[in-house]
Amino acid sequence: MTSSSAARTTSPSIARSSARCSRSCRSFPRWPPTTGRCSSGGVRHLTEVVGIRQFIDLGSGLPTRENTHQVAQRYAPDARVVYVDNDPIVLAHGRALLAENENTTVVTADLRDPAAILAHPDVRRLIDFSQPVGVMLVGILHHLHDGEDPEGVAKAYMAAVPSGSHLFMTAFCASFPEAAELEETYLRVLGTGRFRTMEELQRFFGDLEMLEPGLVSLPEWRPDEPIPGELTVAERLMAGGIARKP
């Protein structure tokens with residue numbers, strides 16, 4: 001989740017709307033540096049500590065400052081990464097970025113269709129579904145409306161991977177009084193941007209085993225140093241966590 005994670009897209013229209021958002025939404029909180037640190041830290045933990053060697057990064061929004069394959073392959077050069085996005089701009093940038101990386105690819109598909117993605121030949125080529133997989137839904141599920149069943153989408157991916165796989169999920173969180181107003185603004189300008197409660201977000205993990213410290217605001221997920229004081233609105237904008245499939 002770099003600072004661009006909020007713009008991870010489920011359709012090209014969201015990317016095109018970002019320019020309108022920057023002009024119209026002057027009240028939007030500025031993304032704090034801890035957002036990117038949490039994303040990189042999560043991938044590093046899964047690679048270096050847990051031992052995950054393959055990732056499916058859904059709604060990836062390539063390119064970002066610290067892409068999943070760059071972090072994972074820094075700690076495990078043999079790590080394999082499949083990026084999934086249905087924005088053709090992401091596809092063009094991604095293929096250029098990954099042209100000389102045989103352990104990484106980008107697939108054009110809609111994350112709301114798990115069956116099609118899991119059966120895609122490029123996914124099957126790089127991902128060994130007999131071995132643990134890191135499934136990443138980072139900064140994307142808030143772009144799915146309730147009627148699109150984001151909980152079911154998350155669970156469909158985790159149902160397809162074996163024991164020892166992990167779900168890394170972050171999303172907008174209604175953990176502060178201003179959340180309702182921000183949600184209304186996002187929905188009006190972008191058409192997406194659902195702020196869910198901690199209880200709603202926790203349901204995305206289902207029966208998976210949460211890694212410490214559980215589902216928390218992003219700066220609280222394994223910080224490099226103690227948090228100096230109360231979190232700001234921007235720091236509470238997103239919550240996330242990592243959980244293991246038993």
Side-chain angles (χ1 to χ4, degrees), residues 1-8 29-52 55-61 64-72 74-76 79 81 132-143 150-151 154 157-158 164-176 178-179 182 193-246:
M1 299 148 297
T2 66
S3 58
S4 66
S5 294
R8 286 172 171 240
R30 187 179 298 273
W31 295 100
T34 48
T35 304
R37 286 199 294 271
C38 178
S39 178
S40 298
V43 175
R44 174 180 178 178
H45 181 83
L46 288 173
T47 307
E48 188 176 37
V49 178
V50 178
I52 297 293
F55 295 84
I56 303 176
D57 189 345
L58 297 147
S60 55
T64 63
R65 188 170 51 194
E66 278 276 87
N67 297 293
T68 299
H69 74 283
Q70 292 170 319
V71 178
R74 184 178 306 146
Y75 301 100
V81 179
V133 180
V135 176
M136 297 181 59
L137 286 163
V138 172
I140 187 64
L141 288 181
H142 46 248
H143 289 309
E151 181 180 342
Y157 288 108
M158 293 310 296
S165 296
H166 287 65
L167 173 62
F168 181 9
M169 189 276 295
T170 72
F172 288 164
C173 183
S175 62
F176 51 96
E178 299 88 347
L182 278 172
R194 175 79 161 81
F195 282 69
R196 296 181 170 92
T197 65
M198 283 287 196
E199 291 75 18
E200 289 175 308
L201 294 179
Q202 186 65 58
R203 289 200 291 269
F204 293 162
F205 291 101
D207 296 329
L208 304 179
E209 300 171 347
M210 296 299 299
L211 274 58
E212 291 294 334
L215 177 65
V216 294
S217 295
L218 297 193
E220 297 173 326
W221 199 89
R222 300 174 182 259
D224 296 330
E225 52 191 46
I227 299 172
E230 185 176 349
L231 297 181
T232 65
V233 168
E235 290 172 328
R236 298 177 66 186
L237 191 66
M238 296 183 73
I242 297 179
R244 179 185 183 275
K245 183 174 181 177

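Listed here is the closest heavy atom pair of Leu231 and Ser217: CD1-CB, 3.7 Å. Closest of all the heavy-atom pairs between Phe204 and Leu167 is O-CD2, 3.9 Å. The two residues Ile52 and Gly164 come nearest to each other via the heavy atoms CD1-O, 3.8 Å. Closest heavy-atom contact between Thr170 and Gly139: OG1-N, 2.8 Å. When every heavy atom of Leu218 is checked against every heavy atom of Gly240, the shortest pair comes out as CD2-N, 3.6 Å.
Listed by chain and residue number, Asp146, Glu183, Arg196, Glu200 satisfy the side-chain contact (heavy atoms from CB on, under 4.5 Å) test with Arg194 (two or more places apart in sequence, or in another chain). When the side-chain hydrogen bond (donor to acceptor under 3.5 Å, both in side chains) test is applied to Glu48, the partners found at least two apart in sequence or on another chain are Arg44. Take Ala179 and apply the side-chain contact (heavy atoms from CB on, under 4.5 Å) test, not counting sequence neighbours, and it matches Ala174, Phe176, Phe195. When the side-chain contact (heavy atoms from CB on, under 4.5 Å) test is applied to Ala239, the partners found at least two apart in sequence or on another chain are Cys173, Met198, Leu201, Leu215. Among residues two or more places apart in sequence or in another chain, the side-chain contact (heavy atoms from CB on, under 4.5 Å) test is passed with Val216 by Pro213, Glu220, Trp221. Qualifying side-chain hydrogen bond (donor to acceptor under 3.5 Å, both in side chains) partners for Glu151, counting only residues two or more places apart in sequence or in other chains: Lys155. Considering only residues two or more places apart in sequence or on other chains, Arg244 meets the salt bridge (Lys or Arg N to Asp or Glu O under 4.0 Å) condition with Glu209. Residues that satisfy the salt bridge (Lys or Arg N to Asp or Glu O under 4.0 Å) test with Arg74, not counting sequence neighbours, are Glu66.
Without hydrogens or angle criteria, Ser165 side chain to Val133 main chain gives a donor-acceptor distance under 3.5 Å. The backbone N or O of Arg236 lies less than 3.5 Å from a partner atom in the side chain of Ser175, making a donor-acceptor pair.
Atom CD1 of residue Ile56 and atom CE of residue Met136 lie 11.5 Å apart, to the nearest 0.5 angstrom. Atom-to-atom distance recorded for Thr197:OG1 and Gln202:CD is 10.5 Å, nearest 0.5 angstrom. Leu46 CG to Phe168 CZ: the interatomic distance, rounded to the nearest 0.5 Å, is 7.0 Å. Rounding to the nearest 0.5 angstrom, the gap separating the NE2 atom in His166 from the CZ atom in Phe205 is 11.0 Å. Rounded to the nearest 0.5 angstrom, Leu237 CG and His142 NE2 are separated by 8.5 Å. Once rounded to the nearest 0.5 Å, the distance linking NE2 of His45 with CD1 of Ile242 reads 6.0 Å.
Counting heavy atoms from C-beta outward, His69 and Asp57 have side chains that stay 4.5 Å or more apart. Looking only at side-chain heavy atoms (C-beta outward), Tyr75 and Val43 stay at 4.5 Å or farther from each other.
Legend: salt bridge (Lys or Arg N to Asp or Glu O under 4.0 Å) pairs involving residues 165-174, not counting sequence neighbours: none detected.
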